[in-house]
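None of these values were measured; they are calculated from a predicted model.
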Amino acid sequence: MNVIYFSPTRTSAKIAESIAYGMGAQSVDELNIQDLTYPDSASVKNYARQEGAVIIAAPVYAGRIAQTAVERLSLIKGEGNPAVVVAVYGNRDYEDALVELQDLAESCGFRTIAGAAFVGEHSYSRPGMPTAGGRPDPSDLEIAFGFGKAVKEKLEQEKSETELILPGNRPYVYKGPFTPATPITADELCTQCGTCIDYCPMDAITLQDEIVSDIELCIKCCACVKICPNEARIFNTPYTELLHKNFSRRREPELYL
């Protein structure tokens, strides 16, 4: 089973893999995973038609697919392979991200037969002010598994030739200018273990005399914040409180076949 994702905080990865298990994969060993999260893994891969269906998952930033995901996914090429596109958003709104991912997949040579929008914990979510904290949770992953079974049935019944209409607008919602910002390190908590360096999808973090982040490279995914074993990485933004106050009501996955 072919799985492609860009997933700094592993939410898109968990959902894509659950869909793959629903489509028939029995174990992780049966997953042909193309993880585009890290620079050294982002390379061109061509999927021959006989390799079958491909699951493509990516996170949503401000109603659009994350720009780094777009750039890395554009390197992937298909030959009319059936594609399942999955947009993962932080419980606010995915706006035009799903249709953007569909367009991207089709521009790469895939044929979209199904799509879904799932919720993952928002990058800015924090203890005390969570937004979709802990998601995808077991319920989400069960829905993803069931969605995969439905996609498999659609493929087996050869019902995948009709055009798939996904929610969203063309042209897509305006993507505002990039505003540089980056998490900071609480030096009194940091042990310089290097975990944040290893998990940064942009190679934006280095160890000099202290942990240093390149504000121009950082995409504010907050993978370093969530992965730090000592909670030494901190991202202060007023959006954390805003999101918690206004977008804490649970939203459920939306599936399109």
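Separating the CG atom in Leu243 from the OG atom in Ser248 is a distance of 8.5 Å, to the nearest 0.5 Å. In this structure, the separation between CD1 on Ile227 and CG on Asp198 is 10.0 Å, given to the nearest 0.5 Å. How far CD1 of Ile56 is from SG of Cys108: 7.0 Å, rounded to the nearest 0.5 Å. Rounding to the nearest 0.5 Å places CG of Leu141 at 7.5 Å from NZ of Lys14. Between the OG atom in Ser107 and the CG atom in Leu104 there is a gap of 4.5 Å [rounded to 0.5 Å]. From Leu189, atom CG reaches atom CD of Glu231 across 8.0 Å, with rounding to the nearest 0.5 Å.
Looking only at distances, a side-chain donor or acceptor of Lys154 sits under 3.5 Å from a matching main-chain atom of Ile113. Of the possible donor and acceptor atoms, one in the side chain of Gln26 sits under 3.5 Å from a partner among the backbone N and O of Gly24. Judged by distance alone, the side chain of Asp35 and the main-chain N or O of Thr37 form a donor-acceptor pair under 3.5 Å. Using a distance-only test at 3.5 Å, with no hydrogens or angles considered, no donor-acceptor pair links the side chain of Thr11 to the main chain of Gly120. Although no hydrogens or angles enter the test, the distance criterion places a donor-acceptor pair under 3.5 Å between the side chain of Asp214 and the main chain of Glu216. A donor-acceptor pair under 3.5 Å is formed between the side chain of Thr237 and the backbone N or O of Tyr239. The closest donor-acceptor contact from the side chain of Arg126 to the backbone of Thr240 lies at 3.5 Å or more, if one exists at all. Side chain of Asn81 to backbone of Glu79: a donor-acceptor contact under 3.5 angstrom is found.
Annotation: side chain of Asn91 is not in contact with side chain of Arg249 (no heavy-atom distance under 4.5 Å). Two residues are said to be in side-chain contact when any heavy atoms from C-beta on lie closer than 4.5 Å; Pro180 and Ile215 meet this criterion. With a 4.5 Å cut-off on side-chain heavy atoms, Met1 and Glu17 do not count as touching. Using a 4.5 Å heavy-atom cutoff, the side chains of Ile211 and Cys196 are in contact. Considering only heavy atoms from C-beta on, Tyr5 comes within 4.5 Å of Arg10 through its side chain. The shortest side-chain heavy-atom distance between Leu36 and Ile4 falls under the 4.5 Å cut-off. A heavy-atom distance below 4.5 Å is found between the side chains of Phe147 and Val84. Side-chain atoms of Pro253 and Pro136, non-hydrogen and from C-beta on, never get closer than 4.5 Å to each other.
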Self-check item: Trace of the side-chain contact (heavy atoms from CB on, under 4.5 Å) decision for Tyr47 with Asn32
Solution: CA-CA 11 Å; Tyr47 289 83; Asn32 176 27; 3.9 Å; yes
Quiz item: Yes or no on side chain to side chain donor-acceptor pair (under 3.5 Å) for Glu30 and Tyr21, after CA distance, side-chain angles and deciding distance?
Solution: CA-CA 9 Å; Glu30 295 184 20; Tyr21 292 135; over 6 Å; no
Quiz item: Which is it for Asn2 and Gln34 under the side-chain contact (heavy atoms from CB on, under 4.5 Å) test, yes or no, and what are the steps along the way?
Solution: CA-CA 8 Å; Asn2 301 300; Gln34 178 83 342; over 6 Å; no
Quiz item: After noting the C-alpha distance and the side-chain angles of Phe145 and Ile19, does the key distance pass the side-chain contact (heavy atoms from CB on, under 4.5 Å) rule?
Solution: CA-CA 5 Å; Phe145 183 88; Ile19 293 171; over 6 Å; no
Exercise. Go through the steps to decide whether Asp103 and Arg170 satisfy the test side-chain contact (heavy atoms from CB on, under 4.5 Å), and finish with yes or no.
Key: CA-CA 10 Å; Asp103 291 346; Arg170 299 178 180 90; 2.8 Å; yes
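Hydrophobic clustering, with ILVMFWY side chains joined whenever heavy atoms are under 4.5 angstrom apart, keeps Tyr172 apart from Leu101. Val86 and Leu255 end up in the same hydrophobic cluster when Ile, Leu, Val, Met, Phe, Trp and Tyr side chains are linked at under 4.5 Å. Connection of Phe6 to Phe118 is not established within any shared hydrophobic cluster, with ILVMFWY side chains joined at heavy-atom distances below 4.5 Å, either directly or through further cluster members. Linking Ile, Leu, Val, Met, Phe, Trp and Tyr whenever their side-chain heavy atoms come within less than 4.5 Å leaves Ile234 and Val212 in two separate clusters. Linking ILVMFWY residues whenever their side-chain heavy atoms come closer than 4.5 Å, directly or via other members, places Ile15 and Val28 in the same cluster.
Of all the heavy atoms in Ser213 and Thr182, the pair that sits closest is CB-OG1, 3.3 Å. Between Leu257 and Leu164, the closest heavy-atom pair is C-CD1, 3.8 Å. The two residues Ala48 and Glu51 come nearest to each other via the heavy atoms N-OE2, 2.7 Å. In plain terms, the two heavy atoms of Ile65 and Ala58 that are nearest each other are CG2-CB, 4.0 Å. Residue Val173 comes nearest to Arg64 through the heavy atom pair O-NH1, 2.9 Å, listed as atom of the first residue, atom of the second, then distance. For the pair Ala83 and Phe110, the tightest heavy-atom approach, listed with the atom from each and the gap, is CB-CB, 3.7 Å.
In this structure, Arg250 pairs ionically with Asp140, as a charged nitrogen and a carboxylate oxygen lie closer than 4.0 Å.
For NZ of Lys175, the number of neighbouring non-hydrogen atoms (other residues, nucleotides, ligands) closer than 6.0 Å is greater than 12. Taking a 6.0 Å sphere around CD of Gln67, one finds it holds more than 12 heavy atoms contributed by other residues, nucleotides or ligands. Around the CD atom of Glu241, the shell of radius 6.0 Å holds no more than 12 heavy atoms that belong to other residues, nucleotides or ligands.
Side-chain polar atoms of Glu121 and Thr131 form no donor-acceptor pair below 3.5 angstrom. Side chain to side chain, Thr185 and Arg233 meet the donor-acceptor criterion of an N or O pair below 3.5 Å. Side chains of Tyr89 and Glu95: no donor on one and acceptor on the other come within 3.5 Å.
Using cut-offs of 30° and 60° for the angle between ring planes, the Tyr38 and Tyr199 rings count as perpendicular.
Figure legend: cation-pi geometry between Lys220 and Phe178, with NZ or CZ positioned under 6.0 Å from the six-membered ring centre and within 45° of its axis. Annotation: cation-pi geometry not satisfied between Lys245 and Phe247 (NZ/CZ under 6.0 angstrom from ring centroid, within 45° of ring axis).
Among Leu98, Val99, Asp96, the single residue meeting the side-chain contact (heavy atoms from CB on, under 4.5 Å) criterion with Pro167 is Leu98.
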